[in-house]
J.: 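Sharing a structure below in structure tokens format, with a few things to ask.
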Amino acid sequence: MTYARFHFRTPDGVFTAVFSPDGLLAVRFPPPRPATSKASPEPPGPAPNPKLRGWFNLAAKAINAALAGRALPKLPPLDLAQGTEFHQAVWRALTEIPTGETRTYKQIAARLGRPKAARAVGQACGANPIPLLIPCHRVVAAGGRLGGFSAGLAWKELLLEREARSPRPGHFPIRCSRTNWSSAP
DNA sequence: CCACACTATTTAA
DNA sequence: TTAAATAGTGTGG
């Protein structure tokens, strides 16, 4: 199995996308610290083939849109094989939440025909390997509480706020630029 | 298998 | 604010 990592520089920090041969495997949020200093420079990986280049571009646009609070454009194929059947069912349900809207953990559970599995839904959200693009930040707790977020609640609040105020055709020009390739996961 | 101990929950007391 | 209920998953025997 060969992986490719793709780093996106944004005003919100450096995001990383990890690809398997089957598609997008994971999205990582910027490290808590502003990624200072002397981490060993990434060993450059093999030049990406056209298929990977296409995936990279799709991921870049999607991350760009997500950070702007806009609806997501076409995504690259997602490699969800690491998740259980239940997890994948939850993740698929999350992709059906429209931009700017939210659902509760319980609502997602009900959608899956398991009205009492709210807590398990939360667990599946926490296991979501592709936050931001699989919009687990749109899942909140009942009673208007925020719930949790694997990358930190500040991100969840930020994303929800941007989506909520995202003007119709509104633009929020955030640029992503390719910074580097590598071959390790 | 079985038993527990975890959860980004929810509801009732 | 606390406690109990509840489902899925990982771990240890």
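Below, read A as the first sequence line, B as the second, and so on, with proteins coming before strands; counting in each chain starts at 1.
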J.: For nucleotides 4-7 of chain C, print each protein N/O atom paired with a nucleotide N/O atom at under 3.5 Å, atom names and distance only.
T.:
from: dA5(C); atom 1: N6; to: Arg119(A); atom 2: NH1; distance (Å): 3.3

J.: Would you say the side chain of Thr16(A) lies within less than 4.5 Å of the side chain of Val27(A), judging by non-hydrogen atoms?
T.: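 Heavy-atom side-chain distance check fails, nothing below 4.5 Å.
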J.: What I'd like to find out is whether the side chain of Val140(A) reaches to under 4.5 Å of the side chain of Leu160(A), using heavy atoms alone.
T.: yes
J.: Treat each ILVMFWY residue as a node, draw an edge where side-chain heavy atoms are under 4.5 Å apart, and state whether Phe29(A) and Trp91(A) are in one component.
T.: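 Shared cluster, yes.
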J.: With a 4.5 Å limit on heavy-atom distance, are the side chains of Arg70(A) and Thr99(A) in contact?
T.: no
J.: Answer yes or no: is there a side-chain heavy-atom contact under 4.5 Å between Leu24(A) and Leu75(A)?
T.: no
J.: May I ask you to decide if the ring planes of Trp55(A) and Phe19(A) are parallel, tilted or perpendicular, using 30° and 60° as cut-offs?
T.: parallel
J.: When you look for runs of 3 or more Watson-Crick or G-U pairs in a row, both distances below 3.5 Å, which of them include DNA chain C?
T.: B:1-7 with C:7-13, B:9-13 with C:1-5
J.: Which residues satisfy the side-chain hydrogen bond (donor to acceptor under 3.5 Å, both in side chains) test with Ser150(A), sequence neighbours excluded?
T.: none
J.: Between Ile108(A) and Leu94(A), is any pair of side-chain heavy atoms under 4.5 Å apart?
T.: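 With C-beta onward as the side chain, the pair touches.
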J.: Report yes if some heavy atom in the side chain of Leu80(A) is under 4.5 Å from a heavy atom in the side chain of Ile130(A); otherwise report no.
T.: yes
J.: How long is the span from the CZ atom in Arg162(A) to the CG atom in Leu67(A), to the nearest 0.5 Å?
T.: 6.5 Å
J.: Mind checking which nucleotides bracket the chain A contacts on DNA chain B, 5' to 3', with an atom under 4.0 Å from a heavy atom?
T.: dT7(B) to dT11(B)
J.: Please give me every residue in residues 127-142 of chain A whose heavy atoms get under 4.0 Å of an atom in DNA chain B, ordered by residue number.
T.: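 Cys136(A), Ala141(A), Ala142(A) - these, ordered by number, are the residues of the stretch whose heavy atoms sit under 4.0 Å from the strand.
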J.: Quick check: do Pro129(A) and Gln82(A) have side-chain heavy atoms less than 4.5 Å from each other?
T.: yes
J.: For the atom pair OG (Ser20(A)) and CG (Leu25(A)), what is the distance rounded to the nearest 0.5 Å?
T.: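 It is 5.0 Å, given to the nearest 0.5 Å.
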J.: Quick check: do Cys136(A) and Phe149(A) have side-chain heavy atoms less than 4.5 Å from each other?
T.: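 Result yes, sub-4.5 Å side-chain heavy-atom pair found.
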J.: Taking any heavy-atom pair under 4.0 Å as a contact, classify Gly126(A): base, sugar-phosphate, or nothing.
T.: base
J.: So if I take residues 91-100 of chain A and measure heavy-atom distances to DNA chain B, which residues fall below 4.0 Å?
T.: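 By residue number: none to list.
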J.: Dump the intermediate steps for salt bridge (charged side-chain N to carboxylate O under 4.0 Å, His left out) on Glu96(A) and Arg92(A), then the final yes or no.
T.: CA-CA 7 Å; Glu96(A) 294 168 6; Arg92(A) 281 195 306 269; over 6 Å; no
J.: Under 3.5 Å, is there a donor on one side chain and an acceptor on the other for Glu157(A) and His137(A)?
T.: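 Side chains of Glu157(A) and His137(A): no pair found under 3.5 Å.
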